[in-house]
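So you know, we letter chains A, B, ... as the sequences are listed, proteins then strands, and number each from 1. FYI, side chains are in, hydrogens and waters are out, and symmetry mates aren't considered; it's all heavy atoms of this structure.
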There are 2 protein chains.
Amino acid sequence: MSAGALHDRVATSLVRAEQRYTAQRRQLVELLAGAGRPLSIPEILGTQPGLAQSSVYRNLDTLERAGAVRRVQGADDFARYELDEELTGHHHHLVCTVCRRITDVELSARHERALDRALEEAAERSSFRALSHRLDLFGVCADCAAGPAGPGV
Amino acid sequence: MSAGALHDRVATSLVRAEQRYTAQRRQLVELLAGAGRPLSIPEILGTQPGLAQSSVYRNLDTLERAGAVRRVQGADDFARYELDEELTGHHHHLVCTVCRRITDVELSARHERALDRALEEAAERSSFRALSHRLDLFGVCADCAAGPAGPGV
DNA sequence: CTACTTGCAAATGCTTTGCAGGAGA
DNA sequence: TCTCCTGCAAAGCATTTGCAAGTAG
């Protein structure tokens, strides 16, 4: 998706939620779009000096309520944020238990269909109305397997 | 698994970790075994009056390090604990976004195999050494769909 | 006996909130 | 101009930790 189209769609979401698309919110959306993986608040503050921590929390929360951003839980105490799947496409996560980094990964269409069928079966058996799913792989990423660099943020 | 066999296996895990199997730890293990779903600390403290909160946190942590208990993250801020899959069998979770309750669910062997193949493909493509996975369904449980009861703990 | 456990209370650290000034429409 | 947004500082809250007394082995 082009940057223009991305901003248009986020802007629409915000308007629906009666919120403004301010410079800082644009900045956050572009950062998340460029990262291609979920970012933690410390990571965001580290690359964008000058942002107030509370404003980042508040704006990510606003963007989440508007449906443009999603909050994901990794292997540590930090929340991470990524663009909503409607903007990035459906994907899953590789969570490195060494450096705590989360990487996006997509399944082939065939495997994703198989997964959906499995989930339908499970939900139906429990009379559960499923709205979304989360599939994470925990392990060691290529970087950490190659050389011990220690955990980052 | 019988209660005796369960305690034997937990005891072995604790011995390996050079920890003792005290009365409170037995109590926690039996509670988790009887619940059949992950429990939060508030839930545990609610049903077991007299336990010190800090001791519950510490003992669940000890049991987790020993490999007898697993900590899982739901849809709210509370951590939940369940017996390790080695004791309960591999399973996944239905997370109700209304009452926050987590329910265990198993996939059929066929679907579980399909899932494993999909994960292998994804891990290999990213040179990721996968150690475990987490598959959660988010939605509304049967109880909450039937009648609005409001979120519990 | 010696080391691990427990309970209480205080501390920790991510996240949220109150408030006063600034900016979008 | 009116409402929303921002930054700073202070507060919230689940979780962790220090310490002294209790207990397993």
Side-chain angles (χ1 to χ4, degrees), chain A residues 7-8 10-29 31 38-46 48-66 68-81 100 102 151-153, chain B residues 7-8 10-29 31 38-46 48-66 68-81 100 102 151-153:
Chain A
H7 284 304
D8 284 350
V10 174
T12 303
S13 300
L14 284 170
V15 166
R16 250 201 318 258
E18 301 183 12
Q19 306 289 331
R20 296 170 186 161
Y21 200 12
T22 62
Q24 186 176 142
R25 291 176 186 170
R26 274 173 200 278
Q27 187 180 349
L28 289 171
V29 166
L31 184 62
L39 298 178
S40 67
I41 270 79
E43 280 176 328
I44 293 172
L45 293 174
Q48 313 287 310
L51 293 190
Q53 186 181 51
S54 62
S55 294
V56 172
Y57 274 107
R58 262 195 283 235
N59 281 325
L60 289 171
D61 180 65
T62 298
L63 287 165
E64 188 183 20
R65 289 172 195 275
V69 152
R70 196 164 65 126
R71 183 181 185 163
V72 304
Q73 197 58 239
D76 53 22
D77 286 337
F78 296 92
R80 320 235 160 191
Y81 293 85
R100 309 298 197 185
I102 301 181
V153 172
Chain B
H7 283 305
D8 284 352
V10 174
T12 302
S13 299
L14 283 170
V15 166
R16 251 202 317 260
E18 300 183 12
Q19 306 289 331
R20 295 171 187 164
Y21 201 11
T22 63
Q24 185 175 144
R25 288 175 190 172
R26 274 174 199 278
Q27 187 179 350
L28 288 171
V29 167
L31 184 62
L39 298 179
S40 66
I41 270 81
E43 280 175 328
I44 293 173
L45 294 175
Q48 314 287 308
L51 293 189
Q53 178 176 279
S54 62
S55 295
V56 172
Y57 273 108
R58 263 195 283 234
N59 280 325
L60 289 172
D61 181 64
T62 298
L63 287 165
E64 187 182 20
R65 289 172 194 276
V69 153
R70 198 164 64 126
R71 183 182 185 162
V72 305
Q73 197 58 239
D76 53 23
D77 286 337
F78 296 94
R80 321 236 160 188
Y81 293 86
R100 307 300 197 186
I102 302 181
V153 173

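What separates CG of B/Asp76 from C1' of D/dG12 is a distance of 16 Å, to the nearest Å. Note: CG (A/Leu60) to C1' (C/dT16) measures 14 Å, nearest angstrom. Summarising the geometry, the separation between CG on B/Leu45 and C1' on C/dG7 is reported as 13 Å, rounded to the nearest angstrom. Rounded to a whole Å, the CZ atom of B/Arg26 is 17 Å from the C1' atom of C/dT6. One can place CD of B/Gln24 at 17 Å from P of D/dG22, the figure rounded to the nearest angstrom. As rounded to whole Å, 7 Å separates atom P of C/dG7 from atom CG of B/Leu51. Remark: C1' of C/dC14 and CZ of A/Arg100 are 15 Å apart, rounded to the nearest angstrom. Between A/Gln73 atom CD and D/dA14 atom P there is a gap of 15 Å when expressed in whole angstrom units.
A/Leu63 places a side-chain heavy atom less than 4.5 Å from the side chain of A/Leu14. Using a 4.5 Å heavy-atom threshold, the side chains of A/Ile41 and A/Leu60 count as touching. Between B/Gln24 and B/Gln48, the closest side-chain pair of non-hydrogen atoms is not below 4.5 Å.
Taking OH of B/Tyr57 as the reference point, atom CG of B/Leu45 lies at 8.0 Å (rounded to 0.5 Å). Remark: B/Arg71 CZ to B/Glu64 CD distance equals 6.5 Å, nearest 0.5 Å. Atoms CG and CD, from B/Asp77 and A/Gln73 in turn, are 8.5 Å apart once rounded to the nearest 0.5 Å.
Checking side-chain atoms of B/Arg25 against main-chain N and O of B/Arg20 turns up a donor-acceptor pair under 3.5 Å.
Distance from the side chain of B/Arg25 is smallest for C/dT5 among the nucleotides C/dC8, D/dT6, C/dT5.
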Trace of the side chain to side chain contact (heavy atoms under 4.5 Å, CB included) decision for B/Gln27 with B/Leu31: CA-CA 6 Å; B/Gln27 187 179 350; B/Leu31 184 62; 5.8 Å; no
Intermediate values then yes/no, side chain to side chain contact (heavy atoms under 4.5 Å, CB included), A/Tyr21 and A/Val29: CA-CA 10 Å; A/Tyr21 200 12; A/Val29 166; 3.6 Å; yes
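A heavy atom lying under 4.0 Å from DNA chain C marks the following residues of residues 11-23 of chain A, by number: A/Arg20.
Annotation for B/Glu43 and B/Leu39: closest pair OE1-CA, 3.2 Å, computed over non-hydrogen atoms. Residues B/Ile102 and B/Gly74 approach most closely at CD1-CA, 3.8 Å, considering heavy atoms.
Using five terminal pairs a side, the axes of the helix from C/dC1-D/dG25 to C/dA25-D/dT1 at its two ends make an angle of 40°, given in steps of 10 degrees.
Contact check, B/Asn59 against C/dT5: no side-chain N or O comes under 4.0 Å of OP1 or OP2.
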Tabulate atom names and distances for all N/O pairs under 3.5 angstrom spanning the protein and nucleotides 15-17 of chain D.
residue	atom	partner	partner atom	Å
D/dT15	OP1	B/Ala79	N	2.9
D/dT15	OP2	B/Tyr57	OH	2.3
D/dT15	O5'	B/Tyr57	OH	3.1

